[in-house]
Amino acid sequence: MKGMKSLKQLKLSVPAQDAPITSFLTTSGTFHDGDLLLNLKGLRLASEDKENRPSDAKEIDLQFSLEDLETIKVIGKGSGGIVQLVRHKWIGRLFALKVIQMNIQEDIRKQIVQELKINQASQCPHIVVCYHSFYHNGAISLVFEYMDRGSLTDVIRQLKTILEPYLAVLCKQVLQGLVYLHHERHVIHRDIKPSNLLVNQKGQVKITDFGVSAMLASSMGQRDTFVGTYNYMSPERISGKTYDYKSDIWSLGLVILECAIGRFPFIQSEDQQNWPSFYELLDAIVSKPPPVAPSDQFSPEFCSFVSACIQKDPKDRSSALDLLGHPFIKKFEDKDIDLGILVSSLEPPINFSK
Ligand code: ATP
Ligand code: MG
């Protein structure tokens, strides 16, 4: 009876939705009190090894389970699965949940999850943080930081073209992400394209889906098979040659040129009828001269930047680090250009009132 009395005296505070939470219990059985985490695996300090991570990642080091997340809306569909906007029931924070159905061997799955840890351990503010990955009932679920202005695909759809000053600001951030991947982590992204470059209302641009294309390939049974679009793939990759970091630079060049001219550079117009067949496109990428920025419409700095990226021979392409110092990026560095204002003026990809 003594025990009952002390139980009655125990005070539990219910966290308010928007207030910073100090203590709570997730359905996966992890008790959080500030930085302290306690579950079956023991006790640990959440922030002990996270000193240098972006503030976002430091804030959320929850060992939550899928049951802690409620679905709000489907954001989009890719070739490998769907992306949903979800809310964490306890902290009220939004995330993007990507669910990929797959049926692969245990050892390959472990290897993939290991690769995804690069996202999870990312110390770069220009890589979308992947907070968690779960494997459950033949599907991998990835909990990503939610980017509330969608992808560059959404931005181009509305704006049609992006002016050079904004492109320079956007490109600088993508390059910072690539410098981190290439020069610090020594990895190739392999799938740089508009839908994998995400933006938020603060005007931040971040690269996503690192490691995901490799995962999709594995789910198809072959580690080296590519799943997704070939449009942005470098000539050396299409021809089956060895490739390196410079492959991502080719893709970046095509994306930036597409944003400037308002159409995929290997086609003459966005009209579906003018699109080449799959094989014609691959042939054009491998055999035709690379696309260039028209010098009568764009600044010499922009034209030079594009040509430093879109070179058939990877040796002729600049590195991400060199491109960060390119005159096109430098030209707008101290001009106070606010990408946040530009993207916030657009229709958001998710309308919460519908
Ligand atoms: P593919 O699967 O062929 O590579 P994709 O990149 O468009 O194509 P997904 O990665 O599944 O496919 O993404 C689908 C859409 O979901 C994207 O176009 C993007 O707009 C949106 N999306 C993905 N991740 C996030 C995120 N973290 N925050 C907000 N929106 C996201
Ligand atoms: Mg994607």
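Just so you know, these numbers use all the heavy atoms, side chains as well, and skip hydrogens, waters and symmetry mates. Every number for a ligand or one of its atoms is a count from 1 in the order of the listing. Bear in mind that the values here come from a model prediction, so they are computed numbers and not experimental data. The chain is numbered in sequence order, starting from 1.
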Closest heavy-atom pair and its distance - Glu145, Val128
OE1-CA, 3.6 Å

Can you tell me if Thr229 has a non-hydrogen atom under 4.0 Å from ligand 1?
no

Tyr146 heavy atoms within 4.0 Å reach ligand 1 at atoms 28 (N), 29 (C)

Classify the ring geometry of Phe305 against Phe328: parallel below 30°, tilted from 30° to 60°, perpendicular beyond 60°.
tilted

Which of the atoms of ligand 1 are close to Phe144, meaning less than 4.0 Å from one of its heavy atoms?
27 (N)

Proximity of Phe264 and Tyr232 rings by center, below 6.0 Å
yes

Under a single-linkage definition using a 4.5 Å side-chain heavy-atom cutoff for Ile, Leu, Val, Met, Phe, Trp and Tyr, are Ile82 and Leu66 assigned to the same hydrophobic cluster?
no

Taking only non-hydrogen atoms of Lys98 and a 4.0 Å limit, the atoms of ligand 1 in range are 9 (P), 10 (O), 11 (O)

Does any N or O atom in Thr208 lie less than 3.5 angstrom from one in ligand 1, N or O only?
no

Is Lys312 salt-bridged to Glu236, going by a charged N under 4.0 Å from an acidic O?
no

Does one hydrophobic cluster hold both Leu252 and Ile156, with members joined at side-chain heavy-atom distances below 4.5 Å?
no

Under 4.0 angstrom from ligand 1, any heavy atom of Asp154?
yes

With a cut-off of 2.8 Å, which protein N/O/S atoms are close to the Mg ion (ligand 2), if we only count those under it?
Asn196 OD1, Asp209 OD2

Pick one of side chain, backbone, both or neither for how Glu145 approaches ligand 1, counting any non-hydrogen atom pair under 4.0 Å.
backbone

Heavy atoms only, cut-off 4.0 Å: how does Asp148 contact ligand 1, side chain, backbone, both, or neither?
neither

Those atoms of ligand 1 less than 4.0 Å from some heavy atom in Leu198:
24 (N), 25 (C), 26 (C), 27 (N), 28 (N)

Val128-ligand 1 polar pair, N/O distance under 3.5 Å:
no

Show the nearest heavy-atom pair for residues Leu254 and Pro265, with the distance to one decimal.
O-CG, 3.7 Å

May I ask whether Val74 and Leu85 are part of the same hydrophobic cluster, defined by side-chain heavy atoms of I, L, V, M, F, W, Y residues being less than 4.5 angstrom apart, directly or through others?
no

Where do Gln158 and Leu346 come nearest, in terms of heavy atoms and distance?
OE1-CB, 3.5 Å

In terms of hydrophobic clusters joined by side-chain contacts under 4.5 Å, are Ile192 and Ile329 together?
yes

Could you see if Tyr243 belongs to whatever hydrophobic cluster contains Val286? Use Ile, Leu, Val, Met, Phe, Trp, Tyr and a side-chain cutoff under 4.5 Å.
no

Nearest 0.5 Å please: distance from the CZ atom of Arg317 over to the CG atom of Asp244.
8.0 Å

So is Asn196 in contact with ligand 1, going by heavy-atom distances below 4.0 Å?
yes

Applying a heavy-atom cut-off of 4.0 Å, say which part of Leu85 lies close to ligand 1: side chain, backbone, both or neither.
neither

